[in-house]
Amino acid sequence: MGRPVGRKIEYDFPKIIRKDAEYLHNEVIRPCLEALQRPGFETALSEMMKAHEAYKAKQYADAITDACSAFESVMKTICARKKWAFNPDKDTCGALAKTLVANGLVYSFYTPLLETIGTIRNKISDAHGRGPAPQHSADKEYADHMIQVTSANITLLVKKSGI
């Protein structure tokens, strides 16, 4: 069938492809997965693939957790390869973001942006236990957002690292 001009959906019988999803895949997700194929990022690639698998299985809290794990693995890999001081057993998003900034990988105003990945994981996913009355829940839109934002951040960090 034809493709209506100016709409966000393309109709290709028998499937429908959202143009915004196609754009995000080509411009955000694919570059991240390509960046993670570089030597040294195997763990992060595996974690990001788990995030995508969890998303497809509608396990949105797990998708958020796994995307953040991939992000932290990227930051740890960069720190290790650059021989920057960090604690590989204890440092999480906040501390790792500060290490990247302190070593000049990204500008200091990127700190809150990088730390936010961990905050989202802590508030929405079940990575650290949510207690008897969770205030926030994971859904498709939050998992979508987390995978997209994390993918964009990973691509930036890997490119800036030169690894």
Roughly how far, to the nearest 0.5 Å, is the [atom2] atom of [Y] from the [atom1] atom of [X]?
X	Y	atom1	atom2	answer
Gln59	Lys50	CD	NZ	10.5 Å
Asn122	Ile117	CG	CD1	11.5 Å
Leu156	Cys32	CG	SG	11.5 Å
Ile154	Met48	CD1	CE	3.5 Å
Glu34	Leu45	CD	CG	11.5 Å
Glu53	Lys56	CD	NZ	7.5 Å

Side-chain contact test, heavy atoms from C-beta onward, threshold under 4.5 Å: evaluate it for [X] versus [Y] and give yes or no.
X	Y	result
Arg121	Glu72	yes
Thr43	Thr77	no
Phe71	Asn153	yes
Ile78	Trp84	yes
Cys68	Ile120	no
Leu36	Val74	yes
Met49	Leu33	yes

Hydrogens and angles aside, do Tyr60 and Asp144 bring a side-chain donor and acceptor to less than 3.5 Å of each other? no

Which heavy atom of [X] sits nearest to which heavy atom of [Y], and what is that distance?
X	Y	result
Leu157	Met75	CD1-CG, 3.8 Å
Tyr55	Lys140	OH-NZ, 3.0 Å
Glu42	Arg38	OE2-O, 4.4 Å
Ala67	Ala51	N-CB, 3.6 Å
Thr111	Ala97	O-CB, 4.4 Å
Cys79	Leu96	SG-CD2, 4.4 Å

Side-chain donor/acceptor of Lys160 to backbone N/O of Leu105, under 3.5 Å: no

Sub-3.5 Å donor-acceptor pair from the side chain of Thr150 to the main-chain atoms of Ile147, do we have one? no

Could you check whether atom NZ of Lys82 has more than 12 heavy atoms from other residues, nucleotides or ligands sitting under 6.0 Å from it?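 Yes, NZ of Lys82 has more than 12 neighbouring heavy atoms, counting only those of other groups under 6.0 Å.
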
Exceeds 12 heavy-atom contacts within 6.0 angstrom, atom OH of Tyr142: no

Looking at residues at least two apart in the chain, or sitting in another chain, which of them share a side-chain hydrogen bond (donor to acceptor under 3.5 Å, both in side chains) with Arg81? none

Run the side-chain hydrogen bond (donor to acceptor under 3.5 Å, both in side chains) test against Lys98 and tell me which residues pass, sequence neighbours left out.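 In terms of side-chain hydrogen bond (donor to acceptor under 3.5 Å, both in side chains), with neighbours along the sequence ignored, Lys98 is linked to Glu115.
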
Ring geometry between Tyr107 and Tyr110 (parallel below 30°, tilted from 30 to 60°, perpendicular above 60°):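 Tilted.
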
